[in-house]
Amino acid sequence: MPGTSAIDHRAMDHLMRWFDMHQRRMPWRGESDPYRIWISEVMLQQTQVATVVPYYQKWMRRFPTIHSLAESNTESVMELWQGLGYYSRAGNLLLGARYICDQHQGHFPQTRQEALRIPGVGEYIAGAVLSIAFNYPEPAVDGNVIRVLSRLRAISESSPSRIRRAVADIVGLSYWEFEPRWVNQAWMELGALQCIPHPACTPCPFATVCMAFSTGKVAEYPLGKKKKTLPLKRGIIYIVRRDNRILMVKRPAAGLLANLWELPNVFDDDQDPSSFLERHNLTPLSVSYGTVRHAYSHFKLTCEVRAAELSGPWQSDRWVDHRWMSNTMLAAVGKPKLHIMALRKSGF
DNA sequence: AATTCGGGGAC
DNA sequence: GTCCCAGAATT
């Protein structure tokens with residue numbers, strides 16, 4: 001394999017000119033407060049910019065400083081995060097803020113090694129905060145940068161970890177006299193706007209030097225992607241009403257939909273679906289509200305929405321808490337998308 | 001190295 | 001419908 005070589009200075013000059021012309025405006029772009037960069041990067045994880053913007057603005061109004069976040073609680077954080085997905089990110093932000101306030105006097109650490117100790121901070125976010133907030137020459141290799149550089153150099157490594165290392169090495173040799181904070185954002189922006197999965201390469205500033213383009217293999221990069229068919233699951237969601245309130249249960253702090261409040265429910269592939277009603281003192285009623293469907297990251301789910309009543313005290317080893325919620329209370333807790341749809345169908 | 005983590009935009 | 005998004009933690 002050819003060794004890693006730098007992106008030449010003339011090519012970088014083209015990239016930075018392209019970036020000056022085409023870069024998008026974002027609420028966090030141009031900020032140098034590491035807290036604000038950190039929050040934006042966590043929200044942007046596997047999430048498109050347009051989706052993040054309103055969440056970022058709400059978050060900054062509610063938690064303008066890292067100290068205000070550190071002094072908050074899980075319920076407030078999950079309410080703000082509702083609908084954004086990958087809910088462990090929100091819990092890790094709270095843990096991370098407390099960690100930084102306790103261990104670093106509220107100042108985001110300025111070395112990669114220290115930053116990686118923060119809950120929810122991995123190689124990408126560490127590099128992004130160190131470069132964008134502090135202007136250190138630390139590569140920030142996300143999905144965009146992988147796609148751009150693996151095409152530009154026709155990187156043939158087959159394992160994702162080797163591809164990522166190769167890309168990080170090249171990015172590390174691309175700064176020249178340009179500011180690292182803008183070089184990293186330029187690579188990402190090129191991947192987001194120009195070097196997209198199915199690109200039109202003619203206007204690309206790298207078209208004349210792109211190895212994948214010159215060989216007609218742009219669509220094949222990056223290598224090593226595997227596609228999966230999502231398994232199908234079925235379940236039942238129960239609407240349990242009492243006066244003007246509805247029974248909601250709280251999920252554990254880890255795993256799927258961590259810390260969210262949801263309606264009592266059971267999947268067909270649960271350990272013991274047949275005894276679910278009995279163990280929870282639930283009696284099904286004949287009322288049915290139809291069906292809701294949703295695709296999660298690794299399975300698809302179809303649920304019937306049925307009415308039920310409680311014939312004894314609520315008891316469960318599956319949920320960590322329960323509450324009879326009014327409409328007002330319901331609006332103030334984080335809920336999964338599927339259960340928002342089920343609540344709407346039930347008319348509550 | 002492979003899985004597990006949501007939800008939505010773009011096509 | 002499919003693909004993928006400014007990825008990290010866990011196994």
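Note that the coordinates shown come from a computational prediction; the quantities given were computed from them, not determined experimentally. What's counted below: heavy atoms across the whole structure, side chains too, no hydrogens, waters or symmetry copies. By convention in this document, chain letters (A, B, ...) are assigned in the order of the sequence lines, proteins followed by strands, and residues within each chain are numbered from 1.
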Visitor: Identify whether any heavy atom of A:Val52 sits under 4.0 Å from a base atom; if not, whether one sits that close to sugar-phosphate; answer base, sugar-phosphate or nothing.
Guide: nothing
Visitor: Separation of A:Lys300 atom NZ from B:dC5 atom C1', in whole Å?
Guide: 18 Å
Visitor: Does a side-chain N or O from A:His298 land closer than 4.0 Å to OP1 or OP2 of B:dT3, or not?
Guide: no
Visitor: Answer whether the closest heavy-atom distance between the side chains of A:Leu95 and A:Asn92 falls below 4.5 Å.
Guide: yes
Visitor: For A:Leu84, answer base if it contacts any base atom (sugar-phosphate contacts may also be present), sugar-phosphate if it contacts only those atoms, and nothing otherwise; contact means non-hydrogen atoms under 4.0 Å.
Guide: base
Visitor: Mind calculating the distance between CD1 (A:Ile196) and P (B:dC11) to the nearest angstrom?
Guide: 7 Å
Visitor: Under a 3.5 Å threshold, yes or no: a donor from one side chain and an acceptor from the other, between A:Trp18 and A:Glu189?
Guide: no
Visitor: In this structure, how many angstroms lie between the C1' atom of B:dC5 and the CZ atom of A:Arg89, rounded?
Guide: 10 Å
Visitor: Which whole number of Å gives the distance between the P atom of B:dG8 and that of C:dA8?
Guide: 22 Å
Visitor: Using a heavy-atom cut-off of 4.0 Å across all strands, would you classify A:Arg147 as base, sugar-phosphate, or nothing?
Guide: sugar-phosphate
Visitor: Just the endpoints, please: which first and last nucleotides of DNA chain C, 5' to 3', lie under 4.0 Å from a heavy atom of chain A?
Guide: C:dT2 to C:dA9
Visitor: Considering every strand and a 4.0 Å limit on heavy-atom distances, what is the contact class for A:Lys228: base, sugar-phosphate, or nothing?
Guide: nothing
Visitor: Across the strands shown, which category fits A:Arg162 at heavy-atom distances under 4.0 angstrom: base, sugar-phosphate, nothing?
Guide: nothing
Visitor: Rounded to whole Å, how long is the line connecting atom NE2 of A:His294 with atom P of B:dC5?
Guide: 14 Å
Visitor: Measure the CE-CD distance between A:Met60 and A:Glu31 for me, rounded to the nearest 0.5 Å.
Guide: 8.0 Å
Visitor: In whole angstrom, what separates A:Tyr86's OH from B:dG8's P?
Guide: 13 Å
Visitor: Rounding to a whole Å, what distance do you find between A:Leu256:CG and B:dT4:P?
Guide: 11 Å
Visitor: DNA chain B: A:Ser161 or A:Ala254, which has the more 5' nearest nucleotide?
Guide: A:Ser161
Visitor: Going by distance alone, is a donor N or O of one side chain under 3.5 Å from an acceptor N or O of the other, for A:Tyr124 and A:Glu41?
Guide: yes
Visitor: Give me the atom names and distance for the closest heavy-atom approach of A:Pro64 to A:Tyr35.
Guide: O-CE2, 3.7 Å
Visitor: Map A:Met26 and A:Pro119 onto DNA chain C by nearest heavy atom, then report which one ends up closer to the 5' terminus.
Guide: A:Met26
Visitor: Evaluate the criterion salt bridge (charged side-chain N to carboxylate O under 4.0 Å, His left out) for residue pair A:Glu123 and A:Arg112; output intermediate values, then yes/no.
Guide: CA-CA 8 Å; A:Glu123 294 289 351; A:Arg112 183 175 289 263; 2.8 Å; yes
Visitor: When the nearest nucleotide of DNA chain B is assigned to A:Gly255 and to A:Thr51 on a heavy-atom basis, which residue is associated with the more 5' position?
Guide: A:Gly255
Visitor: What integer distance in Å separates A:Tyr87:OH from B:dT4:C1'?
Guide: 16 Å
Visitor: Would you mind reporting whether A:Asp269 and A:Phe299 have side-chain heavy atoms less than 4.5 Å apart?
Guide: no
Visitor: If only atom types and distance count, is the side chain of A:Asn265 paired as donor or acceptor with the main-chain N or O of A:Leu263 below 3.5 Å?
Guide: yes
Visitor: Select base, sugar-phosphate, or nothing to describe what A:Pro160 touches, counting heavy atoms under 4.0 Å on all strands.
Guide: nothing
Visitor: Could you tell me the separation between the CG atom of A:Leu230 and the C1' atom of B:dG7, rounded to a whole number of Å?
Guide: 13 Å
Visitor: Scan A:Thr47 against the nucleic acid and name what it touches under 4.0 Å (heavy atoms): base, sugar-phosphate only, or nothing.
Guide: base
Visitor: Could you measure between the two P atoms, the one in B:dT4 and the one in C:dA6, and give it in whole Å?
Guide: 24 Å
